[in-house]
Structure formats: structure tokens, C-alpha cells
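Just so you know, these numbers use all the heavy atoms, side chains as well, and skip hydrogens, waters and symmetry mates. Lettering follows sequence order; numbering is per chain, from 1.
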2 protein chains.
Amino acid sequence: MITVNALSEVAALMGDPARAAMLSLLMDGRAHTASDLALIAGITAQTASGHLARMVEGNLLAARAQGRNRFYRLASSDVAHAIESLMALAGTRATAASRSAAWRRDPDLRFCRTCYDHLAGQVGIAVTDSLTKHGYLEPKGPRDWKLTQPGELFCERLGVDLPGARQASSRHFARQCLDWSERRPHISGALGAAIADTFFKRGWAERLRRSRTVRLTDSGRRALGSHFGATV
Amino acid sequence: MITVNALSEVAALMGDPARAAMLSLLMDGRAHTASDLALIAGITAQTASGHLARMVEGNLLAARAQGRNRFYRLASSDVAHAIESLMALAGTRATAASRSAAWRRDPDLRFCRTCYDHLAGQVGIAVTDSLTKHGYLEPKGPRDWKLTQPGELFCERLGVDLPGARQASSRHFARQCLDWSERRPHISGALGAAIADTFFKRGWAERLRRSRTVRLTDSGRRALGSHFGATV
DNA sequence: CCAATGGTTCGGCTGCGGCCGAACCATTGG
DNA sequence: CCAATGGTTCGGCCGCAGCCGAACCATTGG
């Protein structure tokens, strides 16, 4: 059966430890060089090259040459979503002991990170919860949200680039993305990306180098309180 | 990072063609026997047994023994969600699984039969559904039911020997038994046996010789309608 | 033009894991 | 008590895929 083959192939692509390590790094939504990815996976460059070629072939990654370097990034937000849902599974799979150990080891990642191009972790959940609590977002279908009229006003006042987000018509506008650490949906899609952009543009958050971890600045913490009515 | 290892492990579990075929079948949300799963995967029973054990160990599946059979099902909706998102990545959709040939082989057995000493098949399910729908049975624990006060009245009116059923104190009173053809629980235990006895005693059903198959008589069909509000 | 850096291709080694035959255990029904 | 059926365990075979060393290609800077 075709669907079965496709399922096992895409899962097998993610099922190798080296490739999984690369994908985890790429979950920050940014492009990384082949060397970086080889380093993080703990393998030689030539082995990494093979892995990367296979993932491009399997439509998990997109590659772009730039000078001597080749940059790889996730092919789409669907890839990010699939990885997140697998991580959610892995979270329940891990024993309580090892899970708490992992969480203790990386509390910052749990607090705030990027998931492809939008905010995740406690901050992503806080933003999403605020939007739904104030009636700015309403559930629409099993995996989407609808931005209400008050929600549009709120986003405009915040400086979110709504026209730009709407322009990417091929993309889901307000998508639900399951957060692997909080185990609840946060806002993704074009709107989620636009909101994250606003956080970076207004200096509320900063990406940490070579990591999906995001640091919430002091002004970001204040903004969460004043604009979203949330404390984290 | 622990989450990376966990990601690759859970993805690798789904990444084998045989296991993926089994998971695809299980996407219908029902429980299936080890033999069925081996058949659909195109492998021998012993190989399938190994795969199934690994998936139970990895918390992808839950197993439940029932007589000589062992039924496997997806461990949670999170598993289904992860598989679905992987299928979405592959650009394919989870189609309703095709039913096995065994399913069609014996329509009478599927319609009504005894399971030990109680009714099973479509009739067993119809009786059980009626009892729960009217509030006569309530779920109690993972594998039992509770007979409510209205349920007791209903049974007495029907002529079910409740005192006799309660006498066998060593036995489960109202047990959930997984129906292999309907793949849903039906009523078993002392109460299930007492109800089946009523069907035989009142001429609603007849055992066929040398078979577990049970024939529903015309009066039985009428009784199902008048007493249980069910048509089969 | 040459050296340095980043990346890929090729070939051969190696180990993991999927597979089956055979034997074994458990439950059921006659 | 015995045969039939469903499932698992064990042992051994075999192929695939991941890994690296070496060589090769491409871009950049001096």
C-alpha cells in the first residue's frame, strides 16, 4: 500500500539518531551549514552529507548554496509540526525520572523557544492562552484558529504585520501546533510567525546562537504583562 | 540531549515497513489480533510478535489478552495524531483500513454466537449498547460495569436470575469482554451469562449443534425490538 | 595560480536489526 | 485428556544502511 510505504519512509528518515539530532537543531526554523549539522550530530562531514542528501530527497529539508557554504533548513512548517508531535509522544514515552532530568537540564528551552518560525514553550503557550482568553482567537476545525474582529484590532495595535501574513495564501493562517513540553496547542502558521517576528522586532525576545532557545528580554517580560495580561 | 534520542527512537519504531503497516491498520482506532497484524504486514507470526512487543515497550501500543487472542490497539490519540502528521508530510491520507478476509467468511458467527457462556457478535453488542444507552449499565473501572438501580428493575422484569448470578461470588459480576468481530466490549461475567440464559430459556435464541453459532429466533428478534429497542 | 576551506562521491568495512524455522507455552473445545 | 489454535521465545542467517578514509570538486582569498 502506498500510504504505508510513505509513512515508513518518512518515519525512517527521522528515525536515525544522527538525522534526528540535525532535525532538532533545524527546529529553530533557521538554515544551518552542513558542517554545523555534522558537528551537532557527532559524525564526519561526509557521513552528514549523505544524511542531508537523503533528507532533501525525502522533502524534509530544503538546501541553498551560498558561496562555499550550503545551508539546510526544514522544507516546511508541516515538517516542524510532525517533529513536534513525535516529540510530544517521546515525552510521554520517557520515564518520569529521565524526563525531569531532561527538563532540569534545559529549563530555558522549555521556557521559550522557536518552533520553526513561531514561539513555543511556556511563552508561546502564555501568548496563545491570552489570545483565546480575550476572545481574539476562536477554535476553527480540529487544527486551526480563527482571528476574530477584536483580535485583528489587537494585532494591529501590537504592530503585527497582518497583511504580510495574509499574503502567504498557500500557508495555513492560524494553525494549532502541539507543544511538546507544555503538551497543549500554541499558535503557529503565518499568524504565529508574524507574532514571533513582532517579538523579535520590538526587542521583546532574542534568539540564542545555534539553538532553538529564545531569551525573553526585560521589556518582553513587561510587554507580556501589559499587552497580554500574562506573567511567566 | 535526551529528547533527541527519544525522537529518533519513536520515529524508528514507525520507520519499519512492517510496523508501519500494522500502525496503519490500527489507525481505525480498534483493537486487532496479533495474527491479523502479521497478515497485513506480510510477515510471520513470530516476527510480528517481536515488532508488537517493541511497540508496546515504546508506548505506541497497548495490549490486552482475551482468551487465546491478544488484542493490540494504539496506546493513545497522541500516537494517532503523530502518525497522521507523518502521513500528511508524505502527502497521503490515512484511509479506512480494509477488512480482513476472515471478517466476511462466517457471517452467522459474526451475527450471534456464544463467548464462553454469554452472547457475543452483533446481538451481544446490541444488547450491551441498549443497556448502556438506557443507563442500566455504567462503566466501572477499566474492565467492569456496574448494574444501576433501574438496571436491576429491568433485569427482574426480563426474568434474569439476578440472585443466582450474585451467588457465584468468586466470579466477576458484570465484566467487559472484547468482541473479536465487533471489536468493542460486550457484557460478560455472571450477569452476561444470566442474560444469555434468559435468551435461551425464553426461546429467543437457540444454540446450533457443534458450533458456537447462535440462531436468533423470530420471537428473539421481536424481543430485541420491544425490550431493548434494538434492531439487528 | 596556489593554498585553504567547505562539501560531495566512492569504496569497503561492520554491526544492527529484520526475518524465519523450530520449539515451546497457554487457552479452548471436543 | 488430547488436538487445535493463537502467541511467544530462541537461535542463526543475511542484507541493508551507517560509518569512515581517501580522493575529488568548488569557491574564495591572497
Check the interface with nucleotides 8-15 of chain C: list each N/O to N/O pair with the protein under 3.5 Å, or write none.
unit_1	atom_1	unit_2	atom_2	d
C:dT8	OP1	A:Arg70	NH1	2.8
C:dT8	OP1	A:Tyr72	OH	2.7
C:dT8	OP2	A:Ser49	OG	2.9
C:dT8	O5'	A:Ser49	OG	3.1

Name each donor-acceptor pair under 3.5 Å that joins a side chain in residues 190-205 of chain B to protein atoms two or more places apart or in another chain, with its distance.
unit_1	atom_1	unit_2	atom_2	d
B:Thr198	OG1	B:Ala194	O	2.9
B:Arg202	NH1	B:Leu158	O	2.7

Rounded to the Å, how far apart are [X] [atom1] and [N] [atom2]?
X       : N      : atom1 : atom2 : answer
B:Leu39 : D:dG6  : CG    : P     : 12 Å
B:Met22 : C:dG18 : CE    : P     : 11 Å
A:Leu37 : C:dG6  : CG    : P     : 14 Å
B:Phe71 : D:dT5  : CZ    : C1'   : 14 Å
A:Asn69 : C:dA4  : CG    : C1'   : 13 Å
B:Arg64 : D:dG6  : CZ    : C1'   : 17 Å

With sequence neighbours excluded, tell me which residues meet side chain to side chain donor-acceptor pair (under 3.5 Å) with [X].
X        : answer
B:Glu138 : none
A:Arg215 : A:Glu206
B:Ser76  : none

A:Thr44 vs D:dC19: side-chain N/O to OP1/OP2 distance below 4.0 Å: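 Checking D:dC19 against A:Thr44, no side-chain N or O comes under 4.0 Å of OP1 or OP2.
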Contact under 4.0 Å: B:His51 side-chain N or O vs C:dC19 OP1/OP2: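 For C:dC19, OP1 or OP2 has a side-chain N or O of B:His51 closer than 4.0 Å.
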Scan nucleotides 28-30 of chain D against the protein and return all N/O pairs shorter than 3.5 Å with their distances rounded to 0.1 Å.
unit_1	atom_1	unit_2	atom_2	d
D:dT28	O2	A:Arg68	NH1	3.4

Any pair counted as side-chain hydrogen bond (donor to acceptor under 3.5 Å, both in side chains), so long as it reaches residues 39-49 of chain B, sequence neighbours left out: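 Listed by first then second residue: B:Thr44-B:Gln46, B:Thr44-B:Thr47.
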Counterpart residues, side-chain contact (heavy atoms from CB on, under 4.5 Å), relative to A:Ala34 (two or more places apart):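 So A:Ala34 forms a side-chain contact (heavy atoms from CB on, under 4.5 Å) with A:Leu52, A:Tyr72.
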Side chain of A:Ile43 (C-beta onward), nearest among C:dC20, C:dG18, D:dC19: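 Nearest nucleotide to the side chain: D:dC19.
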Considering all heavy atoms, the nearest A:Leu13-A:Arg19 contact: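 In this case the closest contact between A:Leu13 and A:Arg19 is O-NE, 2.6 Å.
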SB check A:Glu84 A:Arg175 (cutoff 4.0 Å):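 Looking at A:Arg175 together with A:Glu84, the answer is no, because their closest N to O distance does not fall below 4.0 Å.
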Counterpart residues, ring pair (Phe, Tyr, Trp, His ring centres under 6.0 Å), relative to B:Tyr136 (two or more places apart):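 Partners of B:Tyr136 under the ring pair (Phe, Tyr, Trp, His ring centres under 6.0 Å) test: B:His134, B:Phe154.
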Sequence-distant partners of B:His51, ring pair (Phe, Tyr, Trp, His ring centres under 6.0 Å), two or more places apart: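 If we apply the ring pair (Phe, Tyr, Trp, His ring centres under 6.0 Å) test to B:His51, skipping adjacent residues, there are no hits.
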Partner residues of B:Asp16 under the salt bridge (charged side-chain N to carboxylate O under 4.0 Å, His left out) criterion, sequence neighbours left out: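 By the salt bridge (charged side-chain N to carboxylate O under 4.0 Å, His left out) rule, B:Asp16 matches no residue at all.
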Dot-bracket encoding per residue of DNA chain D, Watson-Crick/G-U cut-off under 3.5 Å, | denoting interstrand: ||||||||||||||||||||||||||||||
